[in-house]
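Every chain is numbered from 1 and lettered A, B, ... according to where its sequence line falls, protein lines coming before strand lines. What's counted below: heavy atoms across the whole structure, side chains too, no hydrogens, waters or symmetry copies.
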Amino acid sequence: MTEIGTFRESDARDLAPRLLGWTLISRIGGEEVAGRIVETEAYLDASDPASHAATRGGMTSRNRRMFGPGGTAYVYFVYGRHWCFNVVAGPEGSPGAVLVRALEPLGGTEVMLRRRGGREPLASGPARLCEALGIDGAFDGHDLSRPPLRLECGGVAAGEVAVSGRIGVSRAERLPLRFYIRGNPHVSTGPHEPAASGVA
DNA sequence: ATACCGATGGACT
DNA sequence: GTCCATCGGTATA
């Protein structure tokens, strides 16, 4: 349960809440930066209309890493300017990934602040955390058990996990596939979510 | 070939 | 609260 290898045995729906409390450590560019995962979202297979796996052609050049083995990265580019980072779930061949939406900074905050152009928050929001950690398309498919970008196991008490609908999607937005640490101030607040306090 | 649009964030009223 | 930059991937012709 705490080994990264078990990511191959869980689908994205199961993995998303379990990733809360894990640490993501980046040594990209030679500078170590780390954060605790406080918010995730699950994106499932072709039956999930909000998932990149739900494309007519099945596996495509963009989404192919979603079909890779659990424990690797799926990194994609959106809105012409932002990168988003996912942890792939499930065995090779079955698509699914967990979008990491927010980190609680644990170390290297000066590096994060510099990469963020002096703007806060440092790592609350999927594109902000990629900028703070130096993650870009070069890490699409990267094995997250090894440097320069790796996961270290962690977790939170079951009672601290809150659930809601996913943010920023226009389809299947009500499915309870967003997970966050209740009350954590580094959880990103969505467009229409007042604050990270309630349950879904 | 080409039109459409997004798993966002920052600037602005 | 609203607006929109910016561009690769996907869908369509």
Requested in this report: Among I4(A), T23(A), L24(A), L144(A), find the residue that satisfies the side chain to side chain contact (heavy atoms under 4.5 Å, CB included) test when tested with E152(A).
Outcome: T23(A)
Query raised in the report: Just wondering, are more than 12 heavy atoms of other shown residues or ligands nearer than 6.0 Å to CZ in R114(A)?
Result: yes
Query - Heavy-atom check, side chain of V156(A) versus side chain of R36(A), under 4.5 Å - result: yes
Query raised in the report: Nearest-Å distance, CE (M59(A)) to P (dG9(C))?
Result: 15 Å
Query raised in the report: Roughly, in whole Å, what's the span from CG in N63(A) to C1' in dA11(C)?
Result: 14 Å
Query raised in the report: Would you say a side-chain N or O of T60(A) is under 4.0 Å from OP1 or OP2 of dT10(C)?
Result: yes
Requested in this report: Each residue besides L177(A) in its hydrophobic cluster should be listed here, by chain and number; the cluster joins Ile, Leu, Val, Met, Phe, Trp and Tyr at side-chain heavy-atom distances under 4.5 Å.
Outcome: L44(A), L175(A)
Query raised in the report: Which nucleotides of nucleotides 5-13 of chain B have their base under 4.0 Å from a protein heavy atom (B), which only their sugar-phosphate (S), and which neither (-), written as one string 5' to 3'?
Result: -BBBSS---
Query raised in the report: Between D48(A) and R166(A), is there a side-chain N and carboxylate O pair less than 4.0 Å apart?
Result: yes
Query - dC4(C): pairing nucleotide in any strand, Watson-Crick or G-U under 3.5 angstrom - result: dG9(B)
**Report entry** Evaluation steps, salt bridge (charged side-chain N to carboxylate O under 4.0 Å, His left out), between R182(A) and E160(A)
**Finding:** CA-CA 5 Å; R182(A) 192 191 316 278; E160(A) 299 219 39; over 6 Å; no
